[in-house]
Structure formats: structure tokens, C-alpha cells
Amino acid sequence: MTNNEVLVAGVDSSTQSTKVMVCDARTGAVVRSGRAEHPDATEVDPAEWWSAFTSAADGLLDGVSAIGVAGQQHGMVTVDDRDAIVRPALLWNDTRSAAAAADLVAELGGPQAWAEAVGLVPVASFTVTKLRWLAEHEPEAADRVARVMLPHDWLTWRLTGGEPSTDRGDASGTGYFSPADDTYRKDLLAHAFGGRSPELPRVLDPAAAAGHTPDGMLVSAGTGDNMAAALALGVGAGDVVVSLGTSGTVFGVSETPAADPSGAVAGFADATGRFLPLACTLNAARVLTSTAALLGVDLAEFDRLALSAAPGAGGLTFLPYLDGERTPNLPEAAGSLLGLRRDSMTPENVARAVVEGMLCGLAVGLDAVRGYGITVRRVLLIGGAAQSASVRAIAPVVFGVPVVVPQQGEHVAIGAARQAAWALAGTSEPPNWDTDVAARLPEPSAGDVDQGEHIRQRHIEARRQVHGL
């Protein structure tokens, strides 16, 4: 570190791991980094996240002036009146609360009422449905709950030791916060939680500080993982991010809140004071790795197979609902491979159909966010699967717009670090950190656009046949 260099750190506490990135507060250049894994489960003791953070951050934070935490959205962290964890946290991808979600939608008067109240329609992912499940299935544990937090809230609280806090971005994914009104809907919380009214974290402004660590490091408000990624990428007008990680997300920044009664678009807030219309699928990168394992090949060979097949995969259509699905709301669904014939039943066509199917699920989300203040001029493709050669080749065809791949990096952690630098600087806008582009993928030709439309329509028809949607 030079004498003039100020360092900030960003933490990404995701479903699978914790990443810590230390950056130059002025430029965003990464100085050092660390990583530690999480248990592979849909319910996790939050102590595992703290252990992973301390392991990933070991030796990294010397000289760091500020730190920010971004976490996986929607996870339900429950704390008793002695600040102890009541039960393992239920994560966003735990679908046991699907029936609770349906009940809550009906009880408030239907999807439109929920969309107007909190900008989203409850599905099993959202925190409010998990609280209903807890009230119904573990009432004694529910009675012990004094506070409800999200994963990033809890980690920020552990860092500061002060009053629990959150930001409007992460809060907007709970199902009991209104992004349009910037306020909690405690009536909806109490209704979902059987009349109980636990304390909620105070909601901080985007550039506010949550407090300081015992050794004096400033801790920023933190945010949700998608909001942090948007902050890292400097998402602007005409940009839509498609993130291919454990889940798949499609989002862009809007000046106006979204309220979609279909539930396809969640009307989240972002980490800058604006809004983040977002569509999410449960199935993204792991669809590729699971299929590669089925075919008995590594990912490089999987790419080769997929690219050896013609667009349309010889008539095969894959619905990638291997872990159920959130968009569309099919928590009990399984994956389906349609159109099998003797001449099309090849490893090449199967691989191609899987890539096309995964991307078609995201293309539906892309169409959905267009209706909520987002003009799609280009797609920014991020996440682990964005490095796949077959994904890069097929994405412009399926999406039908120019696609760029930002420089590979931990965008969520870098976004958290940028927020920390913003809080440290106390300026009206976050610092200007450049986002390098690793690849501008070939723009789709008119023929590609037509082919992509055909593939998407076949995907929609397959979904209608199998699931009636």
C-alpha cells in the first residue's frame, strides 16, 4: 500500500461461499482477496457465515478503512431476546414455504394487492413466506423470535456490535417493505407471523454508515447481492444485467418502482436510491454442471458438444426446472426434455438444448423487465456460467440484443467495497470506478434474431404443454 492509498473491503456472503475483496477506494483496483466455502444446504446456521468470513478475511484487513457486506437476499435469520440464533436460517432457495406463499397471496386479496403493497407477489423465496412457515410448523421457535434479519443484516450487526440495520435494497426483498414508500409494512409482517411483531433492522440511506468495528473500521449499510452487483457494474440506462450463478437473475435500474401482479418481476429497490426491477430463476449455472456430469464430461467438453449441434438442438427443448422454479412460480416442478427422437437423441443436441433452455428462462425475464421502465439496449452477462464458451455463443442469439461480458471478477464483493468507499467519502454519489469489458460478443444478425425467436417460442410452448403456463 502506498502512502496515499486508502483501502476498502467488500464482502460477498453468497449461497455457496464468502468472498472478501480489498480495493483501492479511489480506483476500485483489487489489492487482495480471500474466499471460504459455505455448507451446501438450504438451511444454514448463520455462525457458518461468520466462520467463513473470518477465514476468508484472515490477514486481509490490515490497513482497511471501511468495509461493506452484500449478502444473498431473502434468507430468514431469527434471533431471540438474548441475541442468540433461534434456528438455522432458511435460505432463498428453500422451497418448503411454497404453500405458505400461496396462502398469503390469497389472504391479502390476490397478487395485485401484494404488488401494490410491497412491489412483489410472495413466492417461496421471500422472507415473509418463511416466517409464515415458521409460525405454522415451529410455533415454539416462532414465539422465541425477538428480531428478524437478512443474512447481510446479521453479518453487519456482528461486525459493529450495535443496533441492527439494513438498506432499502435488501429490505425490498422481504415481502414486508414497500420500496415505493420506503417503509416497512409491519402489518403484513404480523399477519404472516401469526400476530407476532419482532423487531426489524433500521433502514439506512445508501451512503450511510452502520457503525464501526471494535478496531475503528467504518462499516457501510451493506445491501443485497443483486444490488451490489449493479453498483459494481455502474448499471445505467439501457443496461440489463443477466447473472448466471447458482440462480439466474435479470435486472436493470429504473427511476420508478415496479409493481407486477404476475409476480414475474420483483419491484426491488437498488443500492443508490433508485429501483431495481428484477426477474429471478432458481436454475442457472448448476444446470450446466449437472448436465455435464450426466454426460460424463467436463465443462470444456460440454461446451464443445453444445457448439457442435445446430441452433434448435435438433428439435429438443429443455425446461431447466431441476430445483423447482421461482419464475415461473413452480416450486414442485422438475426438469423436462421434450422432442426426443432417435435421430436427435445425441449428446451434442442434449448439451445444446440445455444451454438454450437455461437462457430461454432468462429471456422470459428479459421480456418481463422491459415492461417496467427498462429499455434493453445491451445485456451485461456476469456470473460463473458467463465464462462458458457455449453460453457466450448462444446468449446473443437467444436474447436478440448485443451482449458484453464484463471483466471476470467478484462483482458482488466489489459492489460492497464501492459502497464502503462511498460511505467513507461522504459524497453525494459513489466513487467512479471503471468497469472493464472482457468481451463484446458478436452482435446477433437478422437471421440470429429470427432463430432466437423460434427457440424462445418453442420453449414457451413446451412450458405450456408441461405446466399449463
Side-chain angles (χ1 to χ4, degrees), residues 14-17 38-44 72-74 90-99 101 123-125 242-250 263-264 279-299 301-303 305-306 309 313 316-340 344-366 383-388 390-391 394-395 398 455-456 458-469:
S14 71
T15 313
Q16 298 175 309
S17 64
H38 292 174
D40 183 13
T42 63
E43 66 172 5
V44 175
Q72 54 182 302
Q73 290 186 252
H74 317 311
L90 295 183
L91 307 190
W92 63 274
N93 56 348
D94 191 302
T95 60
R96 72 185 71 181
S97 58
V123 293
S125 300
V242 174
S243 177
L244 303 176
T246 304
S247 64
T249 54
V250 181
C280 179
T281 69
L282 291 183
N283 299 278
R286 288 195 291 196
V287 174
L288 308 185
T289 55
S290 297
T291 308
L294 173 70
L295 296 174
V297 299
D298 61 16
L299 288 174
E301 177 63 10
F302 174 86
D303 280 339
L305 290 171
L316 301 190
T317 300
F318 181 64
L319 299 179
Y321 309 148
L322 301 184
D323 291 313
E325 192 47 89
R326 166 172 162 175
T327 306
N329 184 25
L330 297 167
E332 305 302 325
S336 303
L337 183 61
L338 288 76
L340 283 169
S344 65
M345 198 164 54
T346 67
E348 290 82 359
N349 283 330
V350 170
R352 177 94 189 196
V354 164
V355 177
E356 290 179 350
M358 181 197 70
L359 291 172
C360 280
L362 277 300
V364 172
L366 195 65
Q387 306 308 311
S388 159
S390 60
V391 168
I394 297 169
V398 172
I455 292 168
R456 293 196 303 274
R458 207 173 64 198
H459 176 88
I460 291 169
E461 176 60 21
R463 192 178 70 185
R464 186 193 65 76
Q465 289 178 8
V466 177
H467 299 288
L469 298 176

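Both backbone and side-chain heavy atoms feed into the values below; hydrogens, waters and symmetry mates do not. Numbering starts at 1 and runs along the sequence shown.
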Could you verify whether a donor N or O on one side chain and an acceptor N or O on the other, from Asn283 and Glu325, lie under 3.5 Å apart?
yes
To the nearest 0.5 angstrom, please state how far the CG atom of Leu359 sits from the NE2 atom of His459.
10.0 Å
Calculate, to the nearest 0.5 Å, the distance between atoms OG1 and CG belonging to Thr249 and Leu244 respectively.
8.0 Å
Working note: Asp40 + Gln16, criterion side-chain contact (heavy atoms from CB on, under 4.5 Å); need CA distance, chi angles, decisive distance, verdict.
CA-CA 7 Å; Asp40 183 13; Gln16 298 175 309; 6.0 Å; no
Please report the interatomic distance CZ(Phe302) to OG(Ser390), rounded to the nearest 0.5 Å.
5.5 Å
Going through the distances and angles, do Met345 and Val350 end up as a side-chain contact (heavy atoms from CB on, under 4.5 Å)?
CA-CA 7 Å; Met345 198 164 54; Val350 170; 5.6 Å; no
Using a 4.5 Å cut-off on heavy atoms from C-beta on, say whether the side chain of Leu91 contacts that of Glu43.
no
Shortest non-hydrogen contact from Leu305 toward Ala351
CB-CB, 3.9 Å
Ring centre gap for His467 and Tyr321 strictly below 6.0 Å
yes
Quick one: does any side-chain atom of Thr95 pair with a main-chain N or O of Ala98 as donor and acceptor, under 3.5 Å?
no
Residues in salt bridge (Lys or Arg N to Asp or Glu O under 4.0 Å) contact with Glu301, at least two apart in sequence or another chain
Arg304
Output for pair (Thr317 OG1, Leu337 CG), nearest 0.5 Å, gives 8.0 Å
Are any of the side-chain heavy atoms of Phe318 and Cys360 separated by less than 4.5 Å?
no
Here's a test for you: under side-chain contact (heavy atoms from CB on, under 4.5 Å), which of Val354, Leu340, Leu338 qualifies with Leu316?
Leu340
Side-chain donor or acceptor of His38 paired with backbone N/O of Ser14 under 3.5 Å
yes
Any side-chain heavy-atom pair from Leu322 and Leu282 closer than 4.5 angstrom?
no
Could you pull out the closest heavy-atom pair between Thr281 and Gly361, with the gap in Å?
CG2-O, 4.0 Å
What are the two closest heavy atoms between Thr327 and Cys280, and how far apart are they?
OG1-O, 2.6 Å
Would you please say whether a donor-acceptor pair under 3.5 Å links the side chains of Ser388 and Asp303?
yes
Kindly give the heavy-atom pair with the smallest separation between Ser344 and Gly339, and that separation in Å.
OG-O, 3.5 Å
Main chain of Thr42, side chain of Asn93: is a donor-acceptor contact present, judged purely on distance under 3.5 Å?
no
dist Thr15:OG1 -> Gln73:CD (nearest 0.5 Å) comes out at 10.5 Å
CD1 (Ile460) and CG (Leu319) are apart, to the nearest 0.5 Å, by 11.0 Å
Least distance between heavy atoms, Ser125 atom then His74 atom:
O-CB, 3.0 Å
Side-chain contact, heavy-atom cut-off 4.5 Å: Leu330 with Leu469?
yes
Between Glu461 and Arg464, does any NZ, NE, NH1 or NH2 come within less than 4.0 Å of an OD or OE carboxylate oxygen?
yes
Looking at Arg352 and Glu356, is any side-chain nitrogen of the basic one under 4.0 Å from a carboxylate oxygen of the acidic one?
yes
Minimum heavy-atom separation for Val355 and Ala306, please, with both atom names.
CG2-CB, 4.2 Å
Under a 3.5 Å distance rule, please check whether Arg463 uses its side chain to pair with a backbone N or O of Arg458 as donor and acceptor.
no
